[in-house]
Amino acid sequence: MVQAIFLCLLLLSISLQSSSAQAKNCSSESFSGNRRYSSCNSLPYLGASLHWTYHASDGTVDVAYRAPQSSSGWVAWAINPSGAGMIGANAFLAFPDSATGAVTVWTTQLSTYSPTVQNQNLSFSVYTKAAEYSNGLYTIYATLEVPSNNTKVNVVWQASTQFENGVPNGHSTLGDNVNSQSSLDLLSGHAAPAADNSKQHRKNIHGVLNAVSWGVMMPIGAIIARYLRVFQSADPAWYYLHIACQISAYIVGVSGWGLGLKLGSESAGVVHHKHRMMGIALFCLATLQVFALLLRPDKKNKHRIYWNIYHHSVGYLVIILSVANIFEGFEILLPAKKWKHAYIATIVLLLVIALVLEVITWAVVLGRRSKSSEKSHHGSNGVNGHGVRQYQVA
């Protein structure tokens with residue numbers, strides 16, 4: 001329990017931090033045509049940076065967006081005048097022309113999560129646009145009208161190698177590719193997480209709650225029930241510890257599960273089918289386990305053995321499913337590798353503890369059986385029917 005609480009606090013503190021490494025310093029970058037910009041910001045995802053010069057006199061801004069990508073891929077940068085995120089974004093896309101191979105730049109408005117990309121006018125004026133590819137980096141240049149001359153803008157950026165009919169089409173829906181958005185102040189240069197990025201914070205909380213409850217506390221509860229019950233001095237304390245651990249894990253786990261459903265309902269077009277179905281199955285089985293306590297027969301009841309078989313089988317299935325779904329969650333959230341490694345180390349530690357206790361408890365049980373057999377042997381050969389000990393003469 002102490003270990004679970006410690007891990008919970010540790011993971012929660014990590015979830016409050018950004019999952020991406022600090023980007024390189026943008027101020028050292030240079031551009032072709034001797035272009036210069038008064039401000040820059042190293043964007044927190046996809047290795048991108050944004051450079052700009054804001055002209056207050058006419059409400060325009062000169063922009064250079066730079067991001068790493070293979071020459072066969074594409075990059076995009078967008079302003080969203082109506083909110084945060086992809087829907088409503090007005091985007092600039094740089095990619096190789098399918099006919100000539102030269103870098104071209106399109107502008108398009110995104111109204112769905114699966115848009116048909118077309119080269120079209122944006123909701124604000126674009127005066128110039130160009131793009132180039134050099135040394136593994138795409139750069140998009142543009143001069144555009146600042147929407148409503150509001151110097152605080154929501155920006156979105158993206159990168160992918162997916163095309164359809166020579167046009168950018170789709171990108172990864174994991175990790176940095178769903179986090180790449182920010183709110184930028186063109187005057188101060190300050191960038192802050194976009195309002196939609198609160199969803200990422202809730203995803204982290206969802207992951208923490210489920211990893212600690214289903215993935216750590218549930219196995220600890222099973223270990224308590226399987227091994228402490230062997231020691232007579234731990235009876236009935238082991239039972240109450242087991243119940244307390246499992247009920248606590250269930251309550252925390254259901255909280256994480258409910259948050260996951262909420263996040264899913266807010267993410268139209270992004271569905272992690274495997275993770276979702278495993279989570280629903282896990283909730284159903286765990287709920288069945290909890291309510292089965294109300295139907296637990298007395299130890300002397302002839303049906304108790306069947307209840308035990310059911311309880312143990314479903315309990316172990318819940319643990320296996322929990323661990324598998326947590327690793328599925330790691331593949332979706334894509335946190336720093338050290339946190340996945342930390343969870344693996346925790347599971348290995350619990351397995352080692354279980355293995356050691358398995359050996360110890362078997363030794364206790366076999367020793368207890370040996371003593372019982374020895375007492376039975378002495379009772380049948382060393383005592384007569386009247387309870388008077390007999391002695392054999394050699």
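Here the structure is a predicted model, which means the values were calculated and not measured.
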Steps toward side-chain hydrogen bond (donor to acceptor under 3.5 Å, both in side chains) verdict (Thr53, Asp62): CA-CA 5 Å; Thr53 299; Asp62 302 324; 5.1 Å; no
Please enumerate all residues that pass side chain to side chain contact (heavy atoms under 4.5 Å, CB included) together with Tyr240, with sequence neighbours excluded. Pro236
What pairs with Val359 under side chain to side chain contact (heavy atoms under 4.5 Å, CB included), at least two apart in sequence or on another chain?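 Not a single residue meets the side chain to side chain contact (heavy atoms under 4.5 Å, CB included) criterion with Val359.
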Within one Ile-Leu-Val-Met-Phe-Trp-Tyr cluster: Ile251 and Ile243, side-chain cutoff 4.5 Å: yes
Starting from Trp106, can I reach Leu144 by hopping between I/L/V/M/F/W/Y residues whose side chains sit under 4.5 Å apart? no
Polar side chain donor-acceptor pair, Tyr138 to Glu132, under 3.5 angstrom: no
Quick one: sort the Phe283 and Tyr250 rings into parallel, tilted or perpendicular, breaks at 30° and 60°. parallel
Indicate the ring-plane relationship of Tyr310 and Trp307, choosing parallel, tilted or perpendicular according to the 30° and 60° boundaries.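 Rings of Tyr310 and Trp307: perpendicular, as their planes differ by over 60°.
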Once you round to the nearest 0.5 Å, how far does [atom1] of [X] lie from [atom2] of [Y]?
X	Y	atom1	atom2	result
Ser49	Glu29	OG	CD	3.5 Å
Trp257	Arg276	CH2	CZ	9.0 Å
Met86	Leu110	CE	CG	5.0 Å

Step-by-step salt bridge (charged side-chain N to carboxylate O under 4.0 Å, His left out) determination, Lys340 to Glu331: CA-CA 10 Å; Lys340 183 177 181 179; Glu331 296 304 314; 2.9 Å; yes
Does Tyr141 have Arg35 sitting over its ring (NZ/CZ under 6.0 Å from centre, angle to axis within 45°)? yes
Asn90 vs Pro81 side-chain heavy atoms within contact, under 4.5 Å: yes
Running the 4.5 Å side-chain criterion over Ile, Leu, Val, Met, Phe, Trp and Tyr, what cluster does Leu294 land in, apart from itself?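 Other cluster members: Phe291.
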